[in-house]
Number of protein chains: 2
Amino acid sequence: MARTAGSHSDITGPRVRAAALQLFARHGYAAVSMRQIAREVGVQAGALYNYTPDKQSLLFDLMRTHLEELLAEHAAMPGAPDPVAALERFTRFHIRFHARRPDEVFIAYMELRNLSPENFAEIELLRRRYEDELENILRAGLAAGVFAVADTKVATMAVIAMLTGVNTWFREGGRLSLNEVERIYWDMVRKAVGL
Amino acid sequence: MARTAGSHSDITGPRVRAAALQLFARHGYAAVSMRQIAREVGVQAGALYNYTPDKQSLLFDLMRTHLEELLAEHAAMPGAPDPVAALERFTRFHIRFHARRPDEVFIAYMELRNLSPENFAEIELLRRRYEDELENILRAGLAAGVFAVADTKVATMAVIAMLTGVNTWFREGGRLSLNEVERIYWDMVRKAVGL
DNA sequence: CTTTTAAAAGAACAAACGTTCAGATAATCT
DNA sequence: AGATTATCTGAACGTTTGTTCTTTTAAAAG
């Protein structure tokens, strides 16, 4: 046998990335073999190399795409009139964006150590750019006298960690709706950095 | 060659666990081979099986020991006069305990998916027991009218995530001392769950 | 000093790994 | 319809994997 009926790169390509995403998130990059990914797609292992030069690139592309979408969607948000409104928008955006992409988030946070040094540097840069957006909001609020944080950098990391932690327990269709979760977290964030 | 000079299980045993801990934290459980661990200890791979029945048990024992120490040390803390004092003690304890064990914490949070189902269940139970201690503090404070959280369970997860996030950036000997970090986080936690 | 035991070496095992490649067949183009 | 191209199979490659086992030697016990 060779080329199978209905085979097309526009179909198989996305399926390869989807399978890699799901399997990496579930079992971890190092624990997943190319043959497992291929089986999930319904193809032999060799065929994967029509869609990626190697396993490492598969991981890297998933991460880069995820972070670039994160930055793009955040940049597309309308500006806020003041730091408090900006922080609320950031909080709600972060929770919503991440809750909708549990696998991508999991990989982006857990598989950093499986990136080659050059790939790691590039991903870190993207992540840093996102964190800077929150840090700028906090700094602006501090200058405006509406926030009170002892250390802007530490507060940035604390808020991000708290918000990203939503993904460890939140499941859509559970006890709380996404909107309720956003409201609860915004309440805590507002108080934590407020006067 | 066979048994080497100075070889003793009281020495090699801890070295095996230490090597596994460091390598698992650095590269991930699945990416580390028994031969790498053996090389770090200065021994052949076969010799490791004098100290662990298999690789999985090595990971499980590291996690279990870590969580049992966490629970034991927390239980050894003196009782607090009120919920606010209890929360401050929990906050400071959590930060201090985790900052001193970066490798153990990393493994306990990242390698859950590499545990066998039975081992996973046991570890999850221990983690849950620890989270319950914080939840009880929050519930007591809520009943006493000194805390104001919209959802106790969510607040528990939020505080834990925020505090554990310290490990992603904190390094002893850096810009901030452990005491300063404790104070900054306690400030944010207090405000986040306060009235 | 002799015997026993504990600890390690080192070879061996089948299985699985990422990746390559020649050949085959479906889809597309002319 | 025929030629070309895109896509996949299936076998093969050299390595590495976790684990077992026999043999050897140091340490401990008598």
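To find a chain, count down the sequence lines: A is the first, B the second, and so on, and within it residues start at 1.
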Among dC8(D), dG18(C), dT20(D), which nucleotide has an atom closest to any side-chain atom of Ala47(A)? dC8(D)

Considering just the side-chain nitrogens and oxygens of Ser9(B), establish if one lies under 4.0 Å of OP1 or OP2 belonging to dA7(C). yes

Which residue lies more 5' along DNA chain D, comparing His8(B) with Lys55(B) via nearest heavy atoms: Lys55(B)

How are the rings of Tyr185(B) and Trp169(B) set relative to one another: parallel (under 30°), tilted (30 to 60°) or perpendicular (over 60°)? parallel

Testing dC8(D), dA9(C), dT20(C) for proximity to the side chain of Val43(B), the answer is dA9(C)

NZ/Lys153(B): more than 12 non-hydrogen atoms of other groups inside 6.0 Å: no

Parallel, tilted or perpendicular, judged at 30° and 60°: which one describes the rings of His94(A) and Tyr130(A)? parallel

Calculate the interatomic distance between Ile37(B) atom CD1 and dT17(D) atom P; express it in whole Å. 11 Å

On DNA chain C, does the nearest nucleotide to Ala31(A) precede the nearest nucleotide to Pro53(A) from the 5' side, or the other way round? Give the residue. Ala31(A)

Between Asp54(B) and Gly46(A), which is nearer to the 5' end of DNA chain D once each is assigned its nearest nucleotide? Gly46(A)

Hey, does the side chain of Thr12(B) come within less than 4.0 Å of dA8(C)'s phosphate (OP1/OP2), counting only N and O? yes

Under 4.0 Å, heavy atoms only, any strand: does Ala5(B) hit a base, just the sugar-phosphate, or nothing? sugar-phosphate

To the nearest angstrom, the NE2-P distance between His27(A) and dC17(C) comes to 12 Å

Test Arg101(B) against Glu73(B) for salt bridge (charged side-chain N to carboxylate O under 4.0 Å, His left out), laying out the working first. CA-CA 13 Å; Arg101(B) 291 164 179 79; Glu73(B) 281 208 27; 3.2 Å; yes

Can you tell me the distance, in whole Å, between the CZ atom of Arg3(A) and the P atom of dC8(D)? 7 Å

So, for Met162(B) and Met162(A), which heavy atoms are closest and what is the spacing to 0.1 Å? SD-SD, 4.0 Å

Under 4.0 angstrom between Thr4(B) side-chain N/O and dA8(C) OP1 or OP2: no

Grab the OH-P distance between Tyr51(B) and dA7(C) for me, whole Å please. 5 Å

Considering every strand and a 4.0 Å limit on heavy-atom distances, what is the contact class for Val32(A): base, sugar-phosphate, or nothing? sugar-phosphate

Atom-to-atom span, CG of Asn50(B) to C1' of dT22(D) - whole angstrom: 14 Å

Specify the separation, in whole Å, of atom CD of Gln44(B) and atom C1' of dA9(C). 6 Å

Nearest-Å distance for atom pair CG/P, residues Asp10(B) and dA28(D): 10 Å

Length of the CG-P vector between Leu48(A) and dT9(D), whole Å: 9 Å

At under 4.0 Å, does any side-chain N or O of Ser7(B) touch on OP1 or OP2 of dA26(D)? no

